Visitor: 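One structure is given below, represented as structure tokens, and several questions about it will come after.
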Amino acid sequence: MPDAPPDGYVPARMLNEFAYCPRLAYLEWVQGEWADNPDTLDGKFVHRNVDREDRRPVPVPGESADSPTLHARSVRLENEALGLVAVVDLLEVDGTTVTPIDYKKGEAPDLPEGAWEPERVQLCAQGLLLRAAGYTCDAGVIYFSASKRRVTIPFDDTLVARTLALLADFRRVAAAGTIPPPLVDSPKCPRCSLVTLCLPDETNLLRLGLPAAPVDDSATRPPGAGKVRALLAPNDDARPLSVSEPGARVGKSGERVVVELKGEKLAEVRLADVSHLCLFGPVQISAQALAELADRDIPVCHFSSGGWFRSMTTGLAHKNVELRIRQFAVAADPPAATKLAAAFVAGKIRNCRTLLRRNASDDVTMTLNALADAATAAERAESVPTLMGIEGMAAKRYFAAFGGLFKEATGFIFDGRNRRPPTDPVNAILSFLYAMLAKELTVAAQASGLDPMRGFLHVPRYGRPSLALDLAEEFRPLLADSVALSLVNTGEIKPEHFVRRSVGVNMTPAGRRAVLSAWERRLESEVTHPLFGYTLTYRRVLLVQARLLARLLLGEIPDYPAFRTR
Ligand code: SF4
């Protein structure tokens, strides 16, 4: 993330972003969002030499430099009257004339103006700052590193007027406090570093009015209408790293996380490949590893030996204060909070119904009908307590039928849900998987700028990630319950993977490894998104849902679209 400029000053690079896409500038400037993609990383690489600050003095305006042409690198400029700040990559001083030089990756475009507008505007802003400092500055240069070409950009009246107009526009948009809508079907989006967060096509589809229940309208939809491009990578390259060996120690060695037990190396993973770290029970972590993970925004999730999700260590809070203010405002508004909570509960009940419909060999028609009625009642509920009642009754019906999905030959019997502690193996698996799900959604909510602790359905309770539990509702049957079913029915987990304690039942380390492995496989499995039509992993789906919730809280989409399978 770039350094923050002084209050009220607009960085010249932000004018570049604003000219490219007003929404991108708003996300970065007002909401403090930032993400690297291959383009931004290439840009940083190109700047690695010019960003070294040059201590040689630049002559004062009006005085000639000693040598015919003097260069100064990484020159910082700011001007109160313009309200602008910039860092000039390279400043060329020739007599009384100064020329800012901006380094760009890529090839020089074949355009009559020599460069795209965002780049010209950014350079012109630097020229205006130099002029305001008293220098003569009639043109700037963009150096395109891939084609090794210098392109001169004259600061003519048209470009100056456009730059000043964009600056005024940017200030107006930022002050209004309303995020500009996403670009429609724009070729700019696939290259945008914030596309995963912005969700341009998804937001446009939902804000332009999608029916609450997904319908197949492909026969009547005009070609191209409502089309959502697959702009998100279907999966994240980084994966969670779990450490559950009692006495293990997590440290850092260079760019790697190293896990050791009694001096023996158990695992070594590149930091860049770790999305978050999960520590179960008595596992130690070094201060150096903790600091490095926090600096890189890689959360560390702490679990009890039994799998209870106890806490999370992260870096400083996400910068999107505006989103958290909206989250708390909606949570404090009963009708708005109930509407959201209803979407979570109805989504969960409908997904429970789908799981039963797909897996039951007995006749469960009455249960399916009852669940359909409960989902409809949830959608119409007028208060959160009413919703909780509906959810409780639906869960009772669902779990009564859920037990019938386990094959008799496995020896596992499920006679209803119990917890804290679970008193039978199936409930031990379910409790563990629900904790894993809550952890995944805590990480997803945090990464999306939401406060994982403030929910809409689950009331705040000390130490409880209420929002993560809200978001988890629709995924309990889809992810946790289905993994439990498959583990038992395929024989991947067996009765010997459990030990009975004085109170409750625990998994053995081998049992927990089997459950974790099945859980990771499920999260990595791909699914076609029912609304957007593209394929992505379930882990990615969790992040998309958290980001859609953020878009709803910011008033961009009218309803929260619970993820539902058919
Ligand atoms: S993804 Fe598209 S609409 Fe969204 S910020 Fe980027 S360029 Fe703008």
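Order of listing sets the numbers, starting from 1, for every ligand and every atom in it. Values in this document were obtained by computation on a predicted structure and should not be read as measured data. FYI, side chains are in, hydrogens and waters are out, and symmetry mates aren't considered; it's all heavy atoms of this structure.
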Visitor: For Glu520, give me all partners under salt bridge (Lys or Arg N to Asp or Glu O under 4.0 Å), at least two apart in sequence or on another chain.
Guide: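 Here the qualifying residues are Arg539.
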Visitor: Which residues pass the ring pair (Phe, Tyr, Trp, His ring centres under 6.0 Å) test with Phe344, sequence neighbours left out?
Guide: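 Expected list: Tyr560.
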Visitor: Using salt bridge (Lys or Arg N to Asp or Glu O under 4.0 Å) as the criterion, list what pairs up with Arg149, not counting sequence neighbours.
Guide: none
Visitor: Surrounding CD of Glu113 (heavy atoms of other residues, nucleotides or ligands, distance under 6.0 Å), is the total greater than 12?
Guide: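 Counting neighbours around CD of Glu113, more than 12 heavy atoms of other residues, nucleotides or ligands fall under 6.0 Å, so yes.
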Visitor: Determine, for Arg296 against Glu292, whether the closest basic-nitrogen to carboxylate-oxygen distance falls under 4.0 angstrom.
Guide: yes
Visitor: Would you mind checking if Arg162 and Glu117 are paired as a salt bridge, meaning a charged N to carboxylate O distance below 4.0 Å?
Guide: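 Counted as a salt bridge, because a side-chain N and a carboxylate O are separated by less than 4.0 Å.
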Visitor: Which protein N, O or S atoms does atom 6 (Fe) of ligand 1 have within a distance shorter than 2.8 Å?
Guide: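 As for protein N, O or S atoms lying under 2.8 Å from atom 6 (Fe) of ligand 1, they are Cys192 SG.
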